[in-house]
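Just so you know, these numbers use all the heavy atoms, side chains as well, and skip hydrogens, waters and symmetry mates.
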Amino acid sequence: MPISVQNMFKERKFPFLFAFSFLLISVTILLFSYSSSSPSLLLSTNFQVSDPLPPPPRPLPSRSPNNVPVSSTKPVSKTTAAASDVDLNVSLDIKWENCQLGPLAVDYIPCLDNWKAIKELKSRRRMEHRERHCPKPSPRCLAPLPIGYKVPVHWPKSRDMIWYGNVPHPKLVEYKKEQNWVRKSGDYFVFPGGGTQFKNGVQSYIDFIHKTLPAIKWGKNIRVILDVGCGVASFGGYLLDKDVITMSFAPKDEHESQIQFALERGIPAILSVIGTQKLTFPDNAYDLIHCARCRVHWDGDGGKPLLELNRVLKPGGYFIWSATPVYRDDERDSKVWKSMVALTTSLCWKIVAKTVDSTGVGLVIYQKPSSYSCYKQRKEKLPPLCEQKTNQNVSWYEPLSYCILRLPVDRMGNLLRWSTPWPQRLSSKPPSLPSEPDAEDIFIEDTKHWAALVSEVYLDGLAISLGRIRNVIDMNAGYGGFAAALIDQPLWVMNVVPIDAQDTLSIIFERGLIGVYHDWCESFNTYPRTYDLLHASFLFKNLKERCDIIDLAVEMDRILRPGGYLLVQDTMENIKKLNPVLRSLHWSTTLYQGQFLVGEKGFWRPSENDNRKET
């Protein structure tokens, strides 16, 4: 029988009515309180400011020279009041000009195109002219767009074809026409998946490697790869289908714009060279290193180039070398092979496979030792083992070493074992976490924080179209939590650990992600217009003490594609300084929750008419 309020009064059920009324009033009060304080997740062009989110969990404590834990960040202050005073339309009066470098301006990389410094080099024998030589002060000119530049082809179509007008460099088409690197087809460059050593295509080559050594399980025990002298990065591009992420690198040399081709295709790549300085990666980073006719003299300078590979290769990791000395026996190749045998033997690398495919192309697979037994048994202790490290040295402008890196150990002094298989390693405890009691809890908290922030704010709340985002830089990556939270999205992240921040790059690689060290007071080793999204979380605190925010804005404008986004989470003090510079570059900007600045770069470039108006 239905119960009515009238029947309740007749039956004198006053206690029940009192309880029911109290509950109803309580719920009403709670709902009112929540609706008045809960921040909106919609980005408003009318600049509606809501309470900032809680700050990210503090990073693991860094170490002072006396080995005392030091806090590396301050908690984020409440900025709502300050944010309400911000006028996003304020612009600095800067007379921007395009770089005056003739046809070279569209591809200008300040630290690699400093021709004055390069001309003054005393030697080029060890690739010194391909290394970084940054101009002082940093140039404040803008890279112009190529004539006919268009919004890039979207992934995954871009792996196989890109607009010719975006990278109008046909030299490789002619230079490598017999090797099927790239072809021109109408308004497009087409990438058939060929290569110098990929006679039957790169997919067949990848399958051949696995058949040669089944212990290499793509996307499981082999997740992070370094491809040396990568060409147009087809090897790394096709491995993405197997849950393998490859850091492809090559110098800016006569192979015109090969890294620019790779990035335009949406494949992870960076400009670098094995010359006189260490690569900008941490020790023991890569599961596997690959070189297919990469034109590196491994035995040069006493074997320092191969010792550098040994440094960044994990114990138990593999080096795949596909080059003519492996499968040809003419005098020159035999001499190189003999030298390579002596060098790899001195490093205790063992050959686990050596073979030739049906096209006559061969490869050898070496494995780095995971214990000291071979090192102890060497008759000649050359190269020597490196000195025991007391502090981690960031490999930034560091000269190559003539020594064998010691094997990594855990906090108890035990040799580290191979990483947890992918994808479990993304969320597993990284071996490089410090020994502080709460280190693991902080790491877990950081992972949860970024998962929530990316899901609730970055993906749902901000006016960013993920459909056109492929290449991403996290400019202050921390533990790689931002990249980890985006792992299921059709994009990849270059995690950058600034040289003045806590060194967490080893943790990033241990999670199965990629990244580099960098100083954002200098230009990044990439071509203009190569990234779709730049993410900067509390980056500017240390930078503003060493360099001008205008110079950083110029660099962000250089590497971001037209239509690309900058996402900044920072204090209002730093946002107030950055926003007018971006507006002067004709970027559109919006602010969310008083600490998230979203900038979108347009197609604007300075013209003579702009300068006449300003004068």
Side-chain angles (χ1 to χ4, degrees), residues 96-146 167-172 174-176 228-231 249-263 269-280 294-298 300-302 304-305 308 395-402 499 516-530 546-548 550-552 554-559 605-606:
W96 295 111
E97 293 183 353
N98 288 326
C99 299
Q100 302 301 311
L101 301 168
L104 301 177
V106 294
D107 296 330
Y108 181 47
I109 306 170
C111 289
L112 296 181
D113 292 332
N114 187 353
W115 296 289
K116 180 180 179 181
I118 292 172
K119 287 179 181 178
E120 294 175 354
L121 290 173
K122 296 179 180 179
S123 171
R124 300 189 180 193
R125 185 173 59 87
R126 295 187 294 168
M127 303 295 285
E128 291 91 342
H129 57 304
R130 307 296 186 196
E131 296 178 328
R132 293 172 60 85
H133 304 280
C134 298
K136 302 293 183 184
S138 299
R140 289 187 177 178
C141 62
L142 306 182
L145 297 177
V167 192
H169 301 301
K171 186 176 178 181
L172 270 182
E174 180 64 26
Y175 187 58
K176 296 290 185 179
V228 183
C230 62
F249 85 84
K252 188 179 184 185
D253 60 10
E254 65 272 13
H255 286 167
E256 190 178 44
S257 300
Q258 52 190 332
I259 293 299
Q260 193 173 17
F261 279 126
L263 289 163
I270 194 167
L271 286 159
S272 191
V273 66
I274 300 178
T276 66
Q277 299 170 357
K278 292 182 179 180
L279 299 170
T280 55
C294 57
R295 302 172 64 193
V296 177
H297 299 291
W298 297 115
D301 199 14
K304 285 184 178 180
E308 177 62 2
S395 52
W396 181 251
Y397 291 122
E398 283 284 319
L400 293 180
S401 299
Y402 181 69
I499 61 166
V516 293
Y517 296 112
H518 184 61
D519 181 359
W520 285 113
C521 290
E522 301 178 358
S523 69
F524 194 66
N525 273 17
T526 193
Y527 286 90
R529 305 170 303 281
T530 45
R546 300 191 299 110
C547 50
D548 197 313
I550 295 177
D551 296 324
L552 180 56
V554 170
E555 177 61 6
M556 293 189 295
D557 182 87
R558 187 185 71 86
I559 63 182
R605 293 290 86 177

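- Residues forming a salt bridge (Lys or Arg N to Asp or Glu O under 4.0 Å) with E131 (at least two apart in sequence, or on another chain): none.
- The side-chain heavy atoms of F249 and V228, taken from C-beta on, include a pair separated by under 4.5 Å.
- Taking R126 as the reference, E128, T276, D301 meet the side chain to side chain contact (heavy atoms under 4.5 Å, CB included) condition, with sequence neighbours excluded.
- If you run side-chain contact (heavy atoms from CB on, under 4.5 Å) between I270 and each of L279, N525, T530, only N525 comes through.
- Remark: K136 NZ is packed, more than 12 non-hydrogen atoms of other residues, nucleotides or ligands lying under 6.0 Å away.
- For Q260, the side chain to side chain donor-acceptor pair (under 3.5 Å) partners two or more places apart in sequence, or in a different chain, are D107, S257.
- When all heavy atoms of V273 and R130 are compared, the closest pair comes out as CG1-O, 3.7 Å.
- Using modelled atom types, no side-chain atom of S523 and backbone atom of I109 make a donor-acceptor pair closer than 3.5 Å.
- Taken to the nearest 0.5 Å, the CD atom of E522 stands 8.5 Å off from the CZ atom of R546.
- Nearest heavy-atom pair across W396 and Y517 is CZ3-O, 3.6 Å.
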Item to check | Criterion side-chain hydrogen bond (donor to acceptor under 3.5 Å, both in side chains) on R605 and N98, from CA distance to verdict | outcome: CA-CA 7 Å; R605 293 290 86 177; N98 288 326; 5.2 Å; no
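- When the side chain to side chain contact (heavy atoms under 4.5 Å, CB included) test is applied to P305, the partners found at least two apart in sequence or on another chain are I274, V296, W298.
- Applying the side chain to side chain donor-acceptor pair (under 3.5 Å) criterion to R140, with sequence neighbours excluded, gives D548, D551.
- Atoms CD and CE, on Q277 and M127 in that order, are 12.5 Å from each other to the nearest 0.5 Å.
- S138 meets the side chain to side chain donor-acceptor pair (under 3.5 Å) test with no other residue; sequence neighbours excluded.
- Atom CG of L101 and atom CH2 of W115 lie 5.0 Å apart (nearest 0.5 Å).
- Among residues two or more places apart in sequence or in another chain, the ring-ring contact (aromatic ring centres under 6.0 Å, His included) test is passed with F524 by H518, W520.
- Residue I499 holds its CD1 atom at 3.5 Å from CG of D519, rounded to the nearest 0.5 Å.
- N114 meets the side chain to side chain donor-acceptor pair (under 3.5 Å) test with no other residue; sequence neighbours excluded.
- Shown here for H133 and A117, the closest heavy-atom pair between the two residues is CB-CB, 3.9 Å.
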Checklist entry - L142 and E97: side chain to side chain contact (heavy atoms under 4.5 Å, CB included), yes or no, with the steps? => result CA-CA 6 Å; L142 306 182; E97 293 183 353; over 6 Å; no
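- Pairing each heavy atom of I118 with each of R124, the nearest pair is CG2-NH2, 3.4 Å.
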Item to check | Evaluation steps, disulfide bond (SG atoms under 2.5 Å apart), between C547 and C521 | outcome: CA-CA 6 Å; C547 50; C521 290; 2.2 Å; yes
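- When all heavy atoms of C134 and Y397 are compared, the pair lying nearest together is SG-OH, 3.6 Å.
- Residues passing the salt bridge (Lys or Arg N to Asp or Glu O under 4.0 Å) test with R125: none are found, sequence neighbours excluded.
- With sequence neighbours excluded, the residues satisfying salt bridge (Lys or Arg N to Asp or Glu O under 4.0 Å) with R558 are E555.
- Counting all heavy atoms, side chain and backbone alike, A269 lies closest to L263 at O-CD2, 3.6 Å.
- For P168, the side chain to side chain contact (heavy atoms under 4.5 Å, CB included) partners are P146, Y164, not counting sequence neighbours.
- With values rounded to the nearest 0.5 angstrom, R529 atom CZ is found 6.0 Å from L145 atom CG.
- Residues satisfying the side chain to side chain contact (heavy atoms under 4.5 Å, CB included) test with C141, not counting sequence neighbours, are C99, Y108, P139.
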